[in-house]
J.: 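This structure is in structure tokens; I'll ask about it shortly.
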Amino acid sequence: MSYSSLKRLLIGRPLKSKELGEQKLNKVKALAILSSDALSSVAYGPEQVLIVLATIGMIAFWYSIPIGIGVLILLTALILSYRQIIYAYPEGGGAYVVSKHNLGENAGLIAGGSLLVDYILTVSVSISSGTDALTSAFPVLHDYKVIIACLLVIFIMVLNLRGVTESASALAYPVYLFVLALLLLIGVGIWKVATGQVSPDVHPALGTVVPGISLFLLLRAFSSGCSALTGVEAISNAVTNFKEPAARNAVRTLVAMGIILAILFSSVMFLAYWFGIVPKAEETVVSQLASQVFGRNGFYYFVQGTTALILVLAANTGFSAFPLLAVNLAVDKYIPRMFTIRGDRLGYSNGIVTLGIASIALIIAFQGNTERLIPLYAVGVFIPFTLSQTGMIVKWLREKPAGWQGKLVTNFIGAFISFTVLIIFFTTKFSQVWAVLIFLPLIVYLFHRIKNHYVEVGKQLRMKPGDKEALALEGNVVIIPVAGLTRAVENSINYAKIIGDTVIAVHVAFDRESEKRMEEIWNERYPDIRLVTFYSQYRSLVGPLLRFIDRVEERADDSHMAVTVLIPQFITRKSWHNALHNQSSLLLRAHLLYRKNVIVTTLPYKFKK
């Protein structure tokens with residue numbers, strides 16, 4: 001089977017650019033694809049609280065109730081805050097855009113870098129937790145959990161490469177089945193509590209004096225419970241994925257997610273306390289709770305099956321949000337431009353594949369240990385939480401729109417609580433989250449290096465009025481692929497005029513506006529050089545070029561002329577810069593390598609920096 005056939009089998013037929021509108025999400029599908037991460041945290045958020053309290057003993061488990069109330073207060077503040085962010089920034093981008101616009105470049109890059117890493121952790125934690133749920137029900141699989149987790153990442157990655165609506169359709173059923181299963185568990189559990197079927201002796205009474213308890217430990221338990229709030233920001237990053245009116249639909253989806261998450265989290269926390277559930281390494285809290293409520297019957301396996309499914313598919317939130325955030329960063333030139341390119345199915349394929357590879361590497365490095373990943377995961381999202389809310393405070397103070405005082409108070413509360421949680425994380429779990437203080441500055445530094453490189457390249461390639469034009473000399477047929485008017489293109493034309501008597505520039509556009517704009521600019525600059533433009537509705541660069549070369553080659557055969565394809569080749573001063581350039585030229589050269597009657601020539605253009 002050829003590569004193209006395998007690709008078509010796995011991903012599906014290419015979609016036209018005009019079909020992009022059909023890839024937008026309604027509220028029902030958006031709730032499934034963008035809320036799965038937040039909702040799935042119910043499966044491990046309460047457990048993280050109990051793990052910390054268990055260091056004192058079961059007598060301390062009653063503290064899980066006030067801790068759960070604190071988490072709900074924070075959830076409410078975040079939902080109200082992100083509701084305002086969606087309306088204020090309907091183009092999406094979330095914390096990165098808000099922080100960059102209101103707090104400055106570095107604040108935006110810290111938020112963007114945190115979220116990029118956090119989405120990688122989202123996939124790793126979700127898949128690892130889903131594998132834990134699976135091995136809790138089937139212990140025989142425990143030794144293979146890393147392999148299973150890696151295979152699941154590949155499955156979700158392929159699903160996303162098939163397109164937004166297709167992945168949303170596949171995700172909707174498991175997400176809503178999970179909500180149904182948890183509501184069934186909660187309903188039966190509360191009924192047993194209300195009818196006295198659960199002995200009050202299995203849990204400590206509220207207010208019981210706990211020897212050895214400390215504020216430090218309670219704050220640590222609270223910060224662990226806040227891991228249930230990861231994923232709340234994903235909807236604000238993906239507003240552009242919603243059907244119109246996008247902002248209103250996104251807000252309604254956000255509120256619905258908040259209500260469902262509050263009900264599920266508080267109920268599971270209460271039942272775990274009332275049933276006297278003690279966290280175990282080999283079995284999750286939800287598994288123990290379902291076992292006590294239902295017994296090991298079909299209902300138990302229904303809860304475990306849907307829990308494992310949503311934990312695995314919660315990774316899709318990362319696959320939905322990471323590529324969109326990468327596009328914003330790439331447009332601003334902080335990461336390679338290849339992240340702005342849509343794939344065959346109109347998704348940002350490079351971002352999806354990059355996220356999949358990084359997540360697999362993380363799962364292997366941590367051996368799928370969820371408890372080791374969650375602290376990094378949670379602190380990574382509370383940094384942008386704090387920055388985005390602070391950015392909105394600055395926005396309201398600067399612009400003072402109608403009703404700005406109420407909006408200011410809402411964002412101030414969100415910023416204060418988020419910052420407090422962040423301080424608690426660094427105070428109580430420094431040994432687990434210290435790495436953030438190293439890799440986050442490194443990421444921001446790398447962003448600046450990439451931006452500086454692109455700025456320098458732009459200066460060197462930019463055409464200026466009065467630049468010397470070349471003389472026309474004789475030669476053969478020379479085809480020059482051009483992306484825009486730059487010094488590299490100018491050099492290519494100069495050289496093409498020397499070696500050929502027929503010079504043809506070819507430009508492939510992905511939309512009609514850029515095609516028309518290129519023709520207008522070209523005709524002003526090079527009226528004596530023919531420009532052939534193609535509109536590629538499937539966003540293929542190489543395909544239209546090859547078809548044009550085929551036609552020119554046929555005519556050249558009839559007249560016994562040679563065909564030369566002249567490809568500009570950027571020569572960078574530093575080896576790591578190579579990853580930022582030349583991907584398209586390498587791909588084109590690979591396709592032309594075995595053409596008998598086509599000469600492929602590269603023209604070096606050396607950067608000074």
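Predicted model, so just to flag it, every value in this text is computed and none were measured.
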J.: Does NZ or CZ of Lys100 come closer than 6.0 Å to the centre of the six-membered ring of Tyr334, within 45° of the ring's axis?
T.: no

J.: At their closest point, which heavy atom of Leu387 faces which heavy atom of Ala107, and how far apart are they?
T.: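 Taking Leu387 first and Ala107 second, the nearest heavy atoms are CD1-O, 3.6 Å.
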
J.: If you compare all heavy atoms of Ala247 against all heavy atoms of Tyr87, which two are closest, and at what distance to 0.1 Å?
T.: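 Residues Ala247 and Tyr87, closest heavy atoms: CB-CD2, 4.1 Å.
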
J.: Considering residues at least two apart in sequence or located in another chain, which fulfil the side-chain contact (heavy atoms from CB on, under 4.5 Å) criterion with Pro384?
T.: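 Counting only residues at least two positions away or on another chain, Pro384 forms a side-chain contact (heavy atoms from CB on, under 4.5 Å) with Ala95, Ala111, Ser114, Leu115.
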
J.: Between Pro174 and Ile310, is there a side-chain heavy-atom distance shorter than 4.5 Å?
T.: no

J.: Output, in order, the C-alpha distance, side-chain angles, deciding distance and verdict of side-chain contact (heavy atoms from CB on, under 4.5 Å) for Met392 and Tyr89.
T.: CA-CA 10 Å; Met392 292 301 291; Tyr89 294 91; 3.9 Å; yes

J.: Which pair of heavy atoms, one from Val353 and one from Met157, lies closest together, and at what distance?
T.: CA-SD, 3.8 Å

J.: Answer yes or no: is there a side-chain heavy-atom contact under 4.5 Å between Ile86 and Phe242?
T.: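 When only atoms from C-beta onward are counted, Phe242 and Ile86 do not touch, as no gap falls below 4.5 Å.
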
J.: Just how far is it from atom CG of Asn106 to atom OG of Ser99, taken to the nearest 0.5 Å?
T.: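 Answer for the CG-OG pair, Asn106 versus Ser99, is 11.5 Å.
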
J.: Of all the heavy-atom pairs spanning Cys150 and Ile364, show the shortest one and how long it is.
T.: SG-CG1, 3.9 Å

J.: Quick one: side-chain contact (heavy atoms from CB on, under 4.5 Å) partners of Ile147, sequence neighbours excluded?
T.: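 Leu151.
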
J.: Does the side chain of Pro323 reach to within under 4.5 Å of the side chain of Phe339, using non-hydrogen atoms?
T.: no

J.: Test side-chain contact (heavy atoms from CB on, under 4.5 Å) on Leu74 and Cys226 and set out the steps.
T.: CA-CA 8 Å; Leu74 176 55; Cys226 289; 3.7 Å; yes

J.: Got a donor-acceptor contact below 3.5 angstrom from the His507 side chain to the Val482 backbone?
T.: yes

J.: Considering residues, nucleotides and ligands other than Phe155, do more than 12 of their heavy atoms fall under 6.0 Å from its CZ?
T.: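 Not more than 12 within 6.0 Å, no.
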
J.: Working to the nearest 0.5 angstrom, can you tell me the gap between Ser359 OG and Ile154 CD1?
T.: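 Result: 11.5 Å between the selected atoms.
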
J.: One pair to check against side chain to side chain donor-acceptor pair (under 3.5 Å): Tyr445 and Arg449. What are the steps and the verdict?
T.: CA-CA 6 Å; Tyr445 173 73; Arg449 290 293 302 275; 2.9 Å; yes

J.: Of all residues at least two apart in sequence or in a different chain, which pass the side-chain contact (heavy atoms from CB on, under 4.5 Å) check with Val117?
T.: Leu121, Phe439, Ile443

J.: Decide yes or no on side-chain contact (heavy atoms from CB on, under 4.5 Å) for Leu78 and Ser418, but give the supporting numbers first.
T.: CA-CA 8 Å; Leu78 289 174; Ser418 297; 3.7 Å; yes

J.: Hey, does Lys395 have a side-chain heavy atom less than 4.5 Å from the side chain of Val98?
T.: no

J.: Check side-chain contact (heavy atoms from CB on, under 4.5 Å) between Ile438 and all other residues, then give those that pass, not counting sequence neighbours.
T.: Trp434, Leu442

J.: If I compare all heavy atoms of Met257 with all of Ala38, which pair ends up nearest, and what's the gap?
T.: SD-CB, 3.8 Å

J.: Give me the one residue out of Ile363, Leu362, Leu355 that meets side chain to side chain contact (heavy atoms under 4.5 Å, CB included) with Val123.
T.: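 The single option meeting the side chain to side chain contact (heavy atoms under 4.5 Å, CB included) with Val123 is Leu355.
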
J.: Decide side-chain contact (heavy atoms from CB on, under 4.5 Å) for Val436 and Phe425; before the verdict, give the C-alpha distance in whole Å, the side-chain angles of both, and the deciding distance to 0.1 Å.
T.: CA-CA 11 Å; Val436 173; Phe425 263 113; over 6 Å; no

J.: With the side chain counted from C-beta on, respond yes when Tyr96 and Leu109 share a heavy-atom pair under 4.5 Å apart, and no when they do not.
T.: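 Of all side-chain heavy-atom pairs linking Leu109 with Tyr96, at least one is under 4.5 Å.
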
J.: With rounding to the nearest 0.5 angstrom, report the NE2 to NZ distance, His448 to Lys333.
T.: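 Atom-to-atom, His448:NE2 and Lys333:NZ are 15.5 Å apart.
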
J.: Hey, could you give me the CD/CG distance between Gln84 and Leu80, rounded to the nearest 0.5 Å?
T.: 7.5 Å

J.: By ring-ring contact (aromatic ring centres under 6.0 Å, His included), which residues pair with Phe385, not counting sequence neighbours?
T.: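 With neighbours one apart ignored, the set is Tyr82, Phe382.
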
J.: Thr307 versus Leu182: any side-chain heavy-atom pair under 4.5 Å?
T.: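 Thr307 vs Leu182: side chains touch.
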
J.: Between Ile79 and Leu261, is there a side-chain heavy-atom distance shorter than 4.5 Å?
T.: no

J.: Could you check if a side-chain atom of Tyr176 sits within less than 4.5 angstrom of a side-chain atom of Val28, using non-hydrogen atoms only?
T.: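 With C-beta onward as the side chain, the pair touches.
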
J.: Among pairs that include at least one residue of residues 310-326, which meet salt bridge (charged side-chain N to carboxylate O under 4.0 Å, His left out), considering only residues two or more places apart or in two chains?
T.: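 Listed once each, the pairs would be none.
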
J.: Minimum heavy-atom separation for Val268 to Pro46, with atom names?
T.: CG1-CG, 3.9 Å

J.: What is the distance from atom CG of Leu116 to atom CZ of Phe322, rounded to the nearest 0.5 Å?
T.: 5.0 Å

J.: Determine whether the side chains of Ser81 and Gln389 contain a donor N or O and an acceptor N or O closer than 3.5 Å.
T.: yes

J.: Look up atom OG in Ser124 and atom CG in Asp118, then write down how far apart they are to the nearest 0.5 Å.
T.: 10.5 Å

